[in-house]
2 protein chains.
Amino acid sequence: MPGTASRADRPADRPAAHAGSRYGNRPTMKDVAARAGVGLKTVSRVVNGEPGVTPDTERRVQEAIQALGFRRNDSARVLRKGRTASIGLILEDLADPFYGPLSRAVEEVARAHGALLINGSSAEDPAREQELALALCARRVDGLVVIPAGDDHRYLEPEIRAGVAMVFVDRPAGRIDADVVLSDNFGGARDGVAHLIAHGHRRIGFIGDMPRIHTAAERLRGYRAAMEDAGIPVAEKWISLGATDPERVRRAAEEMLSGPEPVTAVFTGNNRVTVTVIRVLSRHPRPVALVGFDDIELADLLQPGVTVVAQDAAALGRTAAERLFLQLDGDGTHVAPERIELPTRLVMRGSGELPPVE
Amino acid sequence: MPGTASRADRPADRPAAHAGSRYGNRPTMKDVAARAGVGLKTVSRVVNGEPGVTPDTERRVQEAIQALGFRRNDSARVLRKGRTASIGLILEDLADPFYGPLSRAVEEVARAHGALLINGSSAEDPAREQELALALCARRVDGLVVIPAGDDHRYLEPEIRAGVAMVFVDRPAGRIDADVVLSDNFGGARDGVAHLIAHGHRRIGFIGDMPRIHTAAERLRGYRAAMEDAGIPVAEKWISLGATDPERVRRAAEEMLSGPEPVTAVFTGNNRVTVTVIRVLSRHPRPVALVGFDDIELADLLQPGVTVVAQDAAALGRTAAERLFLQLDGDGTHVAPERIELPTRLVMRGSGELPPVE
DNA sequence: CGCGCGTATGACAACGTTGTCCAGGCTCTA
DNA sequence: TAGAGCCTGGACAACGTTGTCATACGCGCG
């Protein structure tokens, strides 16, 4: 009976020339149907828990599924249904402790909405960000959470028009109008620097990342604002901007700590810089006050404890993901892009409360 | 001419009842073909860079692609080709700093093989691990890197038979024969404890995770082996096994540090435990030696620096992923499951070299 | 006893892509 | 100039699933 032809006899008449051979011989609904002696659609109904199947038929189908080890092919399902129930997350570096909790928070929200999370690291490279984002769109993820590396995201416009939900986190999108969830970088930096000023410092250094990165620029702006509010003129030699590799940061720190009028306090622009500066200060003869942006683990156990402006990475991720599903679950009506700013928190642990020592 | 019917007229005759409506009206190869005035397959050839297309035709197709904002639907591609060019990673908690570098390393290898990484956290829950693993298999990932939470992975047998590559990391699979990449937990712990013994300690505490976790059991075994090698009988009150929440760990540490014969050194079974114990010891009147399993950031800046048995998380991830692609790229011939053990490294920073203080 | 209705089931097309295979037009040569 | 051979391009089926629609069956009621 030729109609019963199924996986079992395929190798015979078509010698696995075709790539599908990779999947051993995975049973399909057709195979299950044949074995259970029912129609294809009935199997589909059972697999998806749709109503309209007699208990007896259902049992037969379930047995066939068990016997064959059938598992629904979600690729085909996706193709048919249009939704993939997966979202993408593009961040800078999964190995950075700041992004771990963020990623985890996004995943939790995705899970709550029955979606899987696909993620990729851009390594702070705009080209790689674009490549990844487009690859994810080609996979037809339902939405994308992006921590931008580049500053021009017009390449995503066709995707957004095509209905891919999109939320940017940590830094705003470049040249397109889209949802963004940020920390209050400006306010946080300003408060941190003001805290140093309140403890008597006037010569305060700032070591930050490349100003093309939005967060870095905002934090620098916060630093300048705090100094200006206090009427303190800023010497440009107190400011270091650029790559945050330990070597450069170390040199920058040593430079502003030397000379005739050294800084008595340093404000560091992110966790990596903070760690490096702590190392420098630990070998420095004079005590120097320090406030860092981003919390770091074990900051409370160092001598002195490290005062930081903490952002809530998990809250950033959670908020962004929830915003994404708001776009997705909405009944097609477009949600107006919004800018959401989350507050930072000054955590005093000692290093930021040191008095100036000349 | 009815044959030319395409996206443009679909809303008219079928009022978007079907779920695909989510994707606005994404252009397909058919649309591109119509616009460029060529056949469907020719578009496919251009998109995939296949030979056999005149430069002029190619240009027309490219223009149509640009104009329509076409992007290939990889779901359909996957369905047709059988391979998804994506692998799954199931770990315990992305927010744990140990897994960040591991995950990143897996991603790098995947990227080098042109694959995307889908990941999920099991939260140390076997049921959730299984749910995730099967969901990824339903998505037809080509392979799976699993950090097991459960201890019975027979549920994956049909998947492996169906050709899904599989590698376990950090802990071996339960009740199935599969590739596994591990750190030398036993040897590392034994060396760490022997190091304390070499510095004169005899009453040494061990605080670890639940022994049903393979790594925890192995490290405990290493502890006992070192003690036995030195001829030191172990008092069971020196050993604490169980959940690693800070509160329980703190109580366990305080208990073994009090009483008539307190421990003079502690060996901690993982990074979370180590951090908690550092907090306890920092408030403890007597100096107590400490060696921890897993490196922790800033361990060198604490007073004293924290001596650790470091595993190379990135190497674990890299090795596992490479092993996975070895299975995948192999010409169908089954690769015999292997157990790969990576060495650990004792990093001396001070806390492990403290002499015993009664 | 026959008709109509509700329910369980199955046939079929479609999702968007790629592999196979054939047709038509070109060049080159005898 | 005609035939052989090559190269470009397109028609068609198939991947495994789900939505639509039709059918067949059983049952209750007139």
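Lettering follows sequence order; numbering is per chain, from 1. All of these numbers come straight from a predicted model, not from anything done at the bench. Below, all heavy atoms of this structure are taken into account, side chains as well, without hydrogens, waters or symmetry copies.
- Looking at heavy-atom distances under 4.0 Å, B/V38 makes contact with sugar-phosphate atoms alone, never a base.
- In terms of the ring pair (Phe, Tyr, Trp, His ring centres under 6.0 Å) criterion, residue partners of B/F168 (sequence neighbours excluded) are, by chain and number, B/H153.
- Using a distance-only test at 3.5 Å, with no hydrogens or angles considered, no donor-acceptor pair links the side chain of B/E129 to the main chain of B/I90.
- When each of B/G39 and B/L79 is assigned the nucleotide of DNA chain D with its nearest heavy atom, B/G39 is the one assigned upstream, toward the 5' end.
- A close approach under 4.0 Å does occur between a side-chain nitrogen or oxygen of A/R77 and OP1 or OP2 of D/dT18.
- In this structure, B/S86 and A/R139 have side chains that are in contact, with non-hydrogen atoms separated by less than 4.5 Å.
- Atom NZ of A/K41 and atom C1' of C/dA14 are 13 Å apart (whole Å).
- To the nearest angstrom, P of D/dG16 lies 10 Å from CZ of A/F70.
- When the P atom of D/dC15 is taken as reference, atom CE of B/M29 falls 19 Å away, rounded to whole Å.
- Judged by atom type and distance alone, B/R80 reaches the base of C/dT18 through a side-chain donor-acceptor pair under 3.5 Å.
- The end-to-end axis angle of the helix from C/dC1-D/dG30 to C/dA30-D/dT1, rounded to 10 degrees and based on five pairs per end, is 60°.
- Neither OP1 nor OP2 of C/dT9 sits under 4.0 Å from any side-chain N or O of A/T42.
- Residue B/R83 contributes atom CZ, which lies 19 Å from atom P of D/dC15 at whole-angstrom precision.
- At a non-hydrogen distance threshold of 4.0 Å, A/G52, A/V53, A/T54, A/T57 from residues 48-62 of chain A come into contact with DNA chain C.
- Sparse packing is recorded around CD of A/Q66, with 12 or fewer heavy atoms of other residues, nucleotides or ligands lying under 6.0 Å away.
- An OP1 or OP2 oxygen of C/dT18 is reached within less than 4.0 angstrom by a side-chain nitrogen or oxygen of B/S44.
- Surrounding CG of A/D152 are more than 12 heavy atoms belonging to other residues, nucleotides or ligands, all under 6.0 Å away.
- At whole-Å resolution of the value, CZ in A/R45 and C1' in C/dA11 are 11 Å apart.
- The CG atom of A/D74 sits 11 Å away from the C1' atom of D/dG16 (whole-angstrom rounding).
- In terms of the ring pair (Phe, Tyr, Trp, His ring centres under 6.0 Å) criterion, residue partners of A/F325 (sequence neighbours excluded) are, by chain and number, A/H113.
- Judged as a side-chain hydrogen bond (donor to acceptor under 3.5 Å, both in side chains), the pairs with a partner in residues 164-176 of chain B (not counting sequence neighbours) are, in order, B/E124-B/R171.
- With A/D179 contributing its side chain and A/E338 its backbone, the two residues share a donor-acceptor pair below 3.5 Å.
- Straight-line distance from the NZ atom of B/K81 to the P atom of C/dT20: 11 Å, rounded to whole Å.
- Legend: salt bridge (Lys or Arg N to Asp or Glu O under 4.0 Å) pairs involving residues 38-52 of chain A, not counting sequence neighbours: none detected.
- Between A/L40 atom CG and D/dT18 atom C1' there is a gap of 9 Å when expressed in whole angstrom units.
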